[in-house]
Amino acid sequence: MRTHQCGELRPEHIGQRATLTGWVASRREHGEKLAFVDLRDHTGVTQCVVDNAVDVRPEYVLRITGVVAERPAESRNDRLATGGIELQDCVVEILNVAEPPPFPVSERADQVAENTRLQHRYIDIRRERMQRNLRLRASVNSAIRSAMESQGFVEVETPMLVPSTPEGAREFIVPSRQQPGSFYALPQSPQLFKQLLMVAGIDRYYQLARCLRDEDLRADRQYEFMQLDAEMSFVDQNDVHRAIGAAVLAAAAAAGQPEAAIETMTWHDAMNRFGVDKPDLRFGMELVDLTEVFGATEFKAFAGAATIKGINATGKADEMGRNKLDGLTDKAKKIGAKGLVWLKVAADGSLESPVAKFLSDTEQGALKSALSAAPGDLLLIVADEWSMTCEVLGTLRNDLGRPPVHEGPYRYLWVVDFPMFIGVDEVTGRPKPGHHPFTQPHPDDVEMLETDPLKVRSQAYDLVLNGWELGSGSIRIHQPELQARVFRLLGISDEEAQKRFGFFLNPFKYGAPPHGGFGLGIDRLVAIFAGEENIREVIAFPKTQSGMDPMTNAPTPVAQKQLDDLGIRVLPPKA
RNA sequence: GGUCCCGUGGUGAAGUUGGAGUUCACGCCGGCCUGUCAAGCCGGAGGUCGCGGGUUCGAGUCCCGUCGGGACCGCCA
């Protein structure tokens with residue numbers, strides 16, 4: 001139907017006959033003897049000159065044949081890649097008419113309510129931004145596939161209808177017609193299957209796997225999302241990092257991103273220095289320990305505190321008025337801190353703060369020195385337990401300093417040595433697993449499992465990019481005895497473990513190799529590469545925050561007959 | 001489950017102290033126009049101010065509820 005695409009023609013084609021197909025991006029009529037039609041496809045736009053009246057409207061689908069001609073010097077368009085040429089003596093064939101679109105098919109629609117864009121997603125995707133994002137996503141997927149395969153990974157598909165394992169994220173469940181009253185679950189991840197593939201001798205497995213979790217949606221979370229899911233046998237965690245890192249960096253290269261290295265940091269360092277387990281290393285504002293500075297203080301809020309830390313919001317003193325500072329304090333308290341101390345560094349270097357009078361000159365001097373304070377800076381200090389102090393300041397640091405997603409550089413980070421357990425369940429008194437219960441403890445800490453479980457590090461790790469958690473993984477437990485110990489610690493009896501995970505645990509009796517793996521969130525990775533704050537911008541047909549699709553109206557009620565077949569009765573809505 | 005923000009012709013916005021569905025830009029329809037490129041000029045049409053209730057002589061505006069959208073907390077082993 002066509003000889004070229006709309007973004008393809010250049011001065012080198014001058015003199016050739018060309019046939020283009022596409023949509024009318026705009027039409028400019030000058031009486032009955034001259035009209036310009038900008039024809040658009042996913043590759044770009046070409047100006048077509050028509051020497052007669054032509055009744056076309058925006059988004060009409062056309063086939064235009066003409067001769068490629070150089071544009072007169074004064075009418076070149078440098079904003080178009082094809083702006084040096086135009087198609088002349090055009091014959092226009094209308095392949096289809098179109099109603100006016102509900103919003104313009106251009107960058108102007110960036111301002112349109114997202115719901116309207118989603119309702120007419122097929123029009124939204126015609127836009128350059130969405131075309132770019134979806135094609136970027138395809139390139140990333142493709143690069144990841146070849147990177148994995150060149151490292152010996154085998155793509156194996158795993159089922160979408162799986163047994164329910166109620167631990168972890170809430171599952172979507174699917175009723176069984178042949179076994180009324182029984183249900184499948186949609187997989188939160190192929191976790192159990194991929195480990196069984198290691199028992200099965202696949203050695204290196206990967207899959208671009210769709211995962212489903214029935215948890216509330218966010219800018220970086222959808223019910224269904226795509227994961228590079230991988231698992232490797234006979235490896236330690238550095239082997240996994242190398243393999244996944246190679247795939248991520250190959251994806252970055254395919255996305256046209258500059259080369260970058262992947263750093264490594266322990267979980268403890270991440271919390272201690274940045275107050276979060278997914279630090280954004282693009283900016284400083286690190287947490288500085290001030291416990292020593294205020295070791296002998298008479299200021300009651302600080303005296304006797306386990307950990308005192310501060311951050312320097314450089315140059316923020318002027319823009320942070322009383323209202324905003326109160327907002328920060330509220331936020332700190334909401335997280336659980338007793339309070340937040342703020343101090344502004346005045347032009348003469350003195351500290352302005354409601355609490356300055358409680359701090360001795362020595363303390364003020366040491367504080368300024370520790371935080372490298374200069375006039376115009378805003379200093380924020382929290383005194384509390386170590387974890388609370390870190391968490392509060394980490395949150396404020398992100399709020400005050402985090403650059404928008406499209407700003408470089410790219411700072412990839414492995415966060416390692418996560419604690420095996422995060423706190424103690426208030427009800428059961430049992431330690432709560434930080435990752436999943438199949439995670440191998442750090443070999444140096446296995447002895448402390450029963451005696452001091454909260455001190456045990458695990459061989460779990462996250463990959464972080466610019467403050468986004470791209471994914472996580474671990475070296476798994478492959479010895480049944482150690483697995484039993486961990487289950488007992490979590491309060492899961494052998495019998496219960498057998499009941500819930502029997503299909504998964506029993507195979508490990510038949511010669512399970514040491515293994516470990518990773519799951520990498522493709523949507524987030526592509527969003528960052530695309531410079532998008534929101535993963536919906538890199539998903540063709542995403543759901544809204546309440547889990548609905550404005551285009552298809554899913555979810556919808558179903559016919560009573562369908563429910564009858566499944567043995568399901570729907571309760572009336574709660575009053 | 002919770003906190004905050006938003007909802008006004010097809011689209012995006014403005015709408016002051018409660019005083020006539022008012023305004024602006026784009027789009028749409030008609031006309032004019034031979035070098036435009038988000039063409040230009042002239043004219044025109046287009047509204048359940050998300051929905052329901054309340055206060056009031058009078059509500060886009062104030063109050064309550066509800067629906068929808070977004071950001072976040074909880075949640076996401």
Side-chain angles (χ1 to χ4, degrees), chain A residues 25-40 45-53 57-59 69 71-80 82-83 86 88 99-120 123-124 165-171 188-189 191-192 211-223 225 327 330-331 334-336 395 398-399 418 420-422 425 431-439 458 460 469 472 474 486-487 490 492 500-501 519 521 533-534 536 543-548 550 553 574:
Chain A
S26 92
R27 124 213 83 131
R28 298 174 293 280
E29 280 184 282
H30 296 254
E32 299 200 344
K33 290 284 171 61
L34 177 65
F36 299 96
V37 174
D38 287 348
L39 199 65
R40 179 196 65 236
V45 168
T46 298
Q47 171 167 288
C48 305
V49 187
V50 186
D51 297 319
N52 52 298
R57 308 290 160 120
E59 302 313 312
R71 288 207 201 184
E74 65 278 10
S75 62
R76 289 206 184 113
N77 186 343
D78 293 335
R79 284 164 308 187
L80 283 183
T82 59
E86 62 191 7
Q88 289 186 345
E99 288 182 17
F103 50 85
V105 184
S106 71
E107 72 283 355
R108 275 179 285 178
D110 289 343
Q111 311 306 317
V112 172
E114 194 186 353
N115 210 38
T116 307
R117 293 173 52 206
L118 292 181
Q119 215 174 335
H120 306 274
I123 294 171
D124 193 34
T165 51
E167 289 69 26
R170 188 183 298 115
E171 304 170 316
Q188 300 170 31
S189 82
Q191 182 64 35
L192 305 182
C211 305
L212 298 108
R213 297 180 188 172
D214 187 6
E215 299 290 353
D216 288 0
L217 283 59
R218 289 278 199 286
D220 61 351
R221 277 162 35 187
Q222 284 272 304
Y223 281 155
F225 59 99
D330 287 346
K331 186 142 195 176
K334 217 170 190 174
I335 296 168
T395 303
N398 272 344
D399 285 357
F418 271 76
M420 186 88 177
F421 305 101
I422 299 183
D425 190 293
K432 292 186 285 190
H435 197 52
H436 55 61
F438 317 117
T439 303
S458 70
E469 182 193 324
S472 61
S474 63
V486 171
F487 275 142
L490 297 172
I492 301 172
R500 288 203 223 163
F501 301 110
E533 303 276 357
N534 191 310
R536 293 187 298 272
K543 308 249 183 315
T544 66
Q545 202 162 63
S546 58
M548 298 200 276
N553 284 322
K574 284 173 200 162

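Protein chains get the first letters and strands the later ones, always in sequence-line order, with residue 1 at the start of each.
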For [X] and [N], is the shortest distance between a side-chain N/O and OP1 or OP2 below 4.0 Å?
X: A:Thr544; N: B:rG69; answer: yes
X: A:Arg28; N: B:rA39; answer: yes
X: A:Ser26; N: B:rA39; answer: yes
X: A:Arg221; N: B:rG74; answer: no

- Those residues that, when tested against A:Phe487, pass ring pair (Phe, Tyr, Trp, His ring centres under 6.0 Å) (two or more places apart):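 Once residues adjacent in sequence are excluded, the partners of A:Phe487 under the ring pair (Phe, Tyr, Trp, His ring centres under 6.0 Å) criterion are A:Phe501.
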Within the structure shown, what part of the strands sits under 4.0 Å from [X] by heavy-atom distance: base, sugar-phosphate, or nothing?
X: A:Arg536; result: sugar-phosphate
X: A:Pro433; result: sugar-phosphate
X: A:Thr439; result: nothing

Taking only residues two or more places apart in sequence or in another chain, which ones pass salt bridge (Lys or Arg N to Asp or Glu O under 4.0 Å) with [X]?
X: A:Asp214; result: none
X: A:Lys33; result: none
X: A:Arg27; result: A:Glu29
X: A:Arg221; result: none

I'd like the [atom1] distance from [M] over to [N], given in whole Å.
N: B:rU55; M: B:rG69; atom1: C1'; answer: 29 Å
N: B:rU11; M: B:rC49; atom1: P; answer: 15 Å
N: B:rU66; M: B:rG7; atom1: C1'; answer: 13 Å
N: B:rU61; M: B:rG15; atom1: C1'; answer: 9 Å
N: B:rA39; M: B:rG46; atom1: P; answer: 26 Å
N: B:rA25; M: B:rG44; atom1: P; answer: 14 Å

[X]: side-chain contact (heavy atoms from CB on, under 4.5 Å) partners, not counting sequence neighbours:
X: A:Asn52; result: A:Val50
X: A:Ser75; result: A:Arg71, A:Pro72
X: A:Pro100; result: none
X: A:Ser26; result: A:Arg28, A:Asp38

Nearest to the side chain of [X], which nucleotide is it out of [options]?
X: A:Met548; options: B:rG69, B:rG70, B:rC37; value: B:rG69
X: A:Lys334; options: B:rU36, B:rC72, B:rU3; value: B:rU3
X: A:Ser75; options: B:rC76, B:rC37, B:rA71; value: B:rC37
X: A:Asp38; options: B:rG74, B:rG10, B:rC37; value: B:rC37
X: A:Arg213; options: B:rG70, B:rC76, B:rG69; value: B:rC76

Distance-only donor-acceptor test, [X] side-chain atoms vs [N] base atoms, 3.5 Å:
X: A:Arg218; N: B:rG70; value: no
X: A:Asn115; N: B:rG70; value: no
X: A:Gln47; N: B:rU36; value: yes
X: A:Glu86; N: B:rG35; value: yes
X: A:Asn77; N: B:rC37; value: yes

Find the distance [X]:[atom1] to [N]:[atom2] and express it as a whole number of Å.
X: A:Arg71; N: B:rA39; atom1: CZ; atom2: P; answer: 13 Å
X: A:Asn553; N: B:rG68; atom1: CG; atom2: P; answer: 12 Å
X: A:Ile335; N: B:rG74; atom1: CD1; atom2: P; answer: 9 Å
X: A:Arg79; N: B:rU36; atom1: CZ; atom2: C1'; answer: 11 Å
X: A:Glu114; N: B:rG12; atom1: CD; atom2: C1'; answer: 16 Å
X: A:Asn534; N: B:rG69; atom1: CG; atom2: P; answer: 14 Å
X: A:Gln545; N: B:rU3; atom1: CD; atom2: P; answer: 15 Å
X: A:Asn398; N: B:rA71; atom1: CG; atom2: C1'; answer: 15 Å

Distance in Å, [X] [atom1] paired with [Y] [atom2], rounded so as to fall on 0.5 Å steps:
X: A:Glu469; Y: A:Asp220; atom1: CD; atom2: CG; result: 9.0 Å
X: A:Glu171; Y: A:Thr165; atom1: CD; atom2: OG1; result: 5.0 Å
X: A:Met548; Y: A:Leu217; atom1: CE; atom2: CG; result: 11.5 Å
X: A:Thr82; Y: A:Gln47; atom1: OG1; atom2: CD; result: 8.5 Å

- At under 4.0 Å between heavy atoms, which parts of nucleotides 41-46 of chain B does protein reach? Answer with one letter per nucleotide, 5' to 3': B base, S sugar-phosphate only, - none. ------
- What one-letter contact string describes nucleotides 24-34 of chain B from 5' to 3', where B marks a base within less than 4.0 Å of any protein heavy atom, S marks contact via sugar-phosphate atoms alone, and - marks no contact? --S-SSS--BB
Dump the pairs, protein N or O against N or O of nucleotides 4-8 of chain B, anything under 3.5 Å, distances to one decimal.
none

- Query: Is the closest side-chain heavy-atom distance between A:Glu114 and A:Pro550 below 4.5 Å?
  - Reply: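 Not in contact.
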- Query: More than 12 heavy atoms of other residues, nucleotides or ligands under 6.0 Å from CD of A:Glu533: is that the case?
  - Reply: yes
Mate of [N] where both pairing distances stay under 3.5 Å, Watson-Crick or G-U:
N: B:rC57; result: B:rG19
N: B:rG30; result: B:rC42
N: B:rA25; result: B:rU11
N: B:rA71; result: B:rU3

- Closest to the 5' end of RNA chain B, once A:Leu80 and A:Phe438 are matched to their nearest nucleotides, is A:Leu80
- Find which nucleotide of RNA chain B each of A:Ala113 and A:Leu192 is nearest to by heavy atoms, and output the residue with the more 5' nucleotide.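 Nearest nucleotide further toward 5': that of A:Ala113.
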- Does the distance from a Lys or Arg side-chain N to an Asp or Glu carboxylate O, for A:Glu59 and A:Arg40, drop under 4.0 Å?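 Yes, charged N to carboxylate O under 4.0 Å.
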- State whether the aromatic ring of A:Phe36 stacks on the base of B:rU36, taking stacking to mean ring centres under 5.5 Å apart and ring planes under 30° to each other.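 Yes, the aromatic ring of A:Phe36 stacks with the base.
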